[in-house]
Amino acid sequence: MKDIYCLAIESSCDETSMSIIKNGVEEIETVVVTQIDIHKRFGGVVPEIASRNHVISVTMVLDELLTKANMIIDDIDIIGVTYGPGLIGSLLVGVECAKTIALVTGKPLVPVHHIAGHIYANNLKKRLEFPLIALVVSGGHTDLVYMKEDYSFERIGSTLDDAVGEAYDKVAKILGLDYPGGPIVDKLAHMGTDTYELPYPLNDASYNFSFSGIKSAVVNLVHNEKQRGNDIRVNDLCTSFQNRVVGVLVKKTRRAIREHNVKNFVVAGGVAANSFLRESLEKMAKEENIGITFPEVKYCTDNGAMIGAAAYYAYKKGIVSDLKLNAMAIDSLYSGTKSNV
Ligand code: KG4
Ligand code: ZN
């Protein structure tokens with residue numbers, strides 16, 4: 001069978017990234033330009049600034065990618081692009097770039113749902129085995145997904161309010177920590193003890209999540225302590241917060257695995273880089289005697305490689321778009337699985 005080289009483009013938030021992926025499994029080359037330092041002083045991503053910086057980076061990233069891969073655009077077979085969800089201005093830059101390349105080359109344009117990309121980051125490490133449960137934990141999503149085969153997504157649970165990464169970032173902000181807060185809270189949590197009383201987030205019988213309650217509890221606690229003139233034990237608060245968040249993620253994932261009788265489990269999204277979550281899920285997988293895969297840490301946060309891995313399987317399912325493809329800020333999982341979106 002002929003090899004398929006995918007040029008993949010990801011620009012849904014504050015990373016301009018492109019990658020060339022062979023047959024959905026082999027990374028040829030990836031370039032990531034992150035805007036973290038630009039947005040840091042605002043304590044979060046400013047959408048207008050993000051889209052402007054994507055415009056500045058996009059052609060340079062493409063040039064650098066092809067040069068590093070020692071390839072020309074004619075060597076590419078398909079063009080994969082994140083069409084949503086994400087920041088609309090940011091998405092548009094990637095989608096317009098992909099459409100232009102598709103127009104000029106006549107190569108198929110494959111729209112990829114951002115979360116499908118996060119899940120397929122695991123395919124670059126180890127070929128996905130089905131059926132599986134995926135736990136998606138990012139700055140914008142917290143989903144439990146059942147996959148019976150390639151590029152088939154059934155969402156069985158989701159967050160009712162804040163995503164887990166968002167909760168990490170907001171807790172970090174109230175504690176005066178840098179952006180993005182997730183990795184910093186993760187680090188400080190290892191140096192503290194679980195001494196603060198915080199609620200367990202939506203500790204019920206559903207597969208859904210809710211993180212706004214625990215986030216508000218942290219915000220209130222910090223305000224109350226400040227008003228009383230008390231110091232916050234930042235490391236202890238990070239430990240207490242992280243223990244409860246990871247506790248509920250592990251508990252609900254374990255139940256999803258048992259009730260869907262799967263032998264394979266993958267973790268995806270930026271929060272999959274969290275060391276305590278990794279440790280705890282690995283322990284759970286051992287106890288349940290199932291296979292577990294995490295993406296490499298560099299492919300947990302947004303990147304083009306994961307989009308290239310997903311695009312290959314989307315293409316094999318006949319998911320190809322014409323040049324009317326539009327970016328979508330909000331798109332439920334996983335309507336991008338329809339053809340001609
Ligand atoms: O997947 P991603 O790059 O962007 C979205 O698609 O949303 O995830 C970014 C999120 C941020 O909220 C960031 O704080 C969080 O992932 N994150 C972490 C860690 N590394 C990144 N959260 C907890 N622990 C980490 N080590
Ligand atoms: Zn993401």
Side-chain angles (χ1 to χ4, degrees), residues 1-10 12 17-30 65 69 71 73-85 94-95 97-99 101-103 105-134 136 143 145-155 262-266 268 291 293 295 299 302-328 331-341:
M1 216 174 66
K2 184 189 172 308
D3 289 328
I4 293 183
Y5 289 86
C6 176
L7 166 67
I9 304 172
E10 156 63 40
S12 66
S17 179
M18 294 192 199
S19 190
I20 297 169
I21 299 293
K22 182 178 165 187
N23 300 332
V25 289
E26 191 185 326
E27 181 193 20
I28 305 298
E29 198 61 65
T30 298
L65 178 75
M71 290 173 85
I73 206 82
D74 283 339
D75 297 328
I76 301 298
D77 299 293
I78 60 174
I79 300 133
V81 63
T82 307
Y83 71 92
V95 168
C97 174
K99 279 163 52 170
I101 298 168
L103 174 69
T105 61
K107 302 283 164 76
L109 177 64
V110 182
V112 176
H113 191 286
H114 184 73
I115 297 305
H118 272 304
I119 294 173
Y120 272 89
N122 286 287
N123 205 65
L124 295 167
K125 184 141 171 227
K126 183 171 166 282
R127 180 74 182 98
L128 299 183
E129 287 179 55
F130 303 100
L132 64 77
I133 292 283
V136 182
D143 289 335
V145 180
Y146 174 77
M147 292 179 72
K148 70 173 186 321
E149 59 186 25
D150 264 315
Y151 230 75
S152 141
F153 309 95
E154 184 192 339
R155 182 160 46 191
V262 297
K263 290 275 159 252
N264 300 290
F265 167 54
V266 303
T293 313
Y299 296 136
D302 296 346
N303 64 85
M306 67 186 199
I307 302 303
Y312 174 81
Y313 298 95
Y315 178 65
K316 283 183 75 174
K317 277 227 160 164
I319 298 170
V320 175
S321 174
D322 58 25
L323 295 176
K324 290 197 199 102
L325 179 68
N326 208 351
M328 285 164 116
D331 188 43
S332 64
L333 196 67
Y334 289 67
S335 56
T337 51
K338 286 189 295 209
S339 38
N340 289 318
V341 281

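Bear in mind the structure is a predicted one, so any value in this text is a computation, not a measurement. Excluded from the calculations below are hydrogen atoms, water molecules and symmetry mates; all remaining heavy atoms, backbone and side chain alike, are included.
Here the closest heavy-atom approach between residue A98 and residue I79 is recorded as CB-CG2, 3.8 Å. Listed here is the closest heavy atom pair of A310 and Y151: O-CE1, 3.5 Å. Nearest heavy-atom pair, A311 versus I78, reported as atom, atom and distance to 0.1 Å: O-CD1, 4.2 Å. Nearest heavy atom pair, residue L323 against residue A102, reads CD2-CB, 4.0 Å. Counting all heavy atoms, side chain and backbone alike, I73 lies closest to K107 at O-NZ, 4.2 Å. Contact detail for L325 and V95: the closest heavy-atom pair is O-CG1, 3.8 Å.
A donor-acceptor distance shorter than 3.5 angstrom exists from the side chain of S17 to the backbone of G304, with no hydrogens or angles considered. Side chain of N23 to backbone of V25: no donor-acceptor contact under 3.5 angstrom is found. A donor-acceptor contact shorter than 3.5 Å is absent between the side chain of K125 and the backbone of T293. Distance alone, capped at 3.5 Å, is enough to place a donor-acceptor pair between the N123 side chain and the L128 backbone.
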Run the numbers on I9 and V81 for side-chain contact (heavy atoms from CB on, under 4.5 Å), then give the verdict. CA-CA 5 Å; I9 304 172; V81 63; 4.0 Å; yes

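The side-chain contact (heavy atoms from CB on, under 4.5 Å) check on A121 picks up P295, Y299, M306, with sequence neighbours excluded. Contacts of Y315 classified as ring pair (Phe, Tyr, Trp, His ring centres under 6.0 Å), with partners at least two apart in sequence or in another chain: none. Under the rule for a side-chain contact (heavy atoms from CB on, under 4.5 Å), the partners of D150 that lie at least two apart in sequence or sit in another chain are Y120, R127, F130, Y313. Among residues two or more places apart in sequence or in another chain, the side-chain contact (heavy atoms from CB on, under 4.5 Å) test is passed with A69 by I20, I28, E29, M71. The side chain to side chain donor-acceptor pair (under 3.5 Å) check on E26 picks up nothing, with sequence neighbours excluded. Among residues two or more places apart in sequence or in another chain, the salt bridge (charged side-chain N to carboxylate O under 4.0 Å, His left out) test is passed with K99 by E96. D3 is linked by a salt bridge (charged side-chain N to carboxylate O under 4.0 Å, His left out) to K22, counting only residues two or more places apart in sequence or in another chain. Taking the salt bridge (charged side-chain N to carboxylate O under 4.0 Å, His left out) definition, one finds that K126 meets it with E129, sequence neighbours left out. With sequence neighbours excluded, the residues satisfying side chain to side chain donor-acceptor pair (under 3.5 Å) with D302 are H114, H118.
Considering OG1 of T82 and CD1 of I307, their distance stands at 3.0 Å, rounded to 0.5 Å. If you take CD on E27 and CG on N303, they are separated by 8.0 Å, rounding to the nearest 0.5 Å. Taken from CG in N264 to CG in N122, the straight-line distance is 11.0 Å, to the nearest 0.5 Å.
A donor-acceptor pair shorter than 3.5 Å cannot be found between the side chains of S152 and E154.
Using a 4.5 Å heavy-atom cutoff, the side chains of Y5 and D75 are not in contact. Between T105 and I76, the closest side-chain pair of non-hydrogen atoms is not below 4.5 Å.
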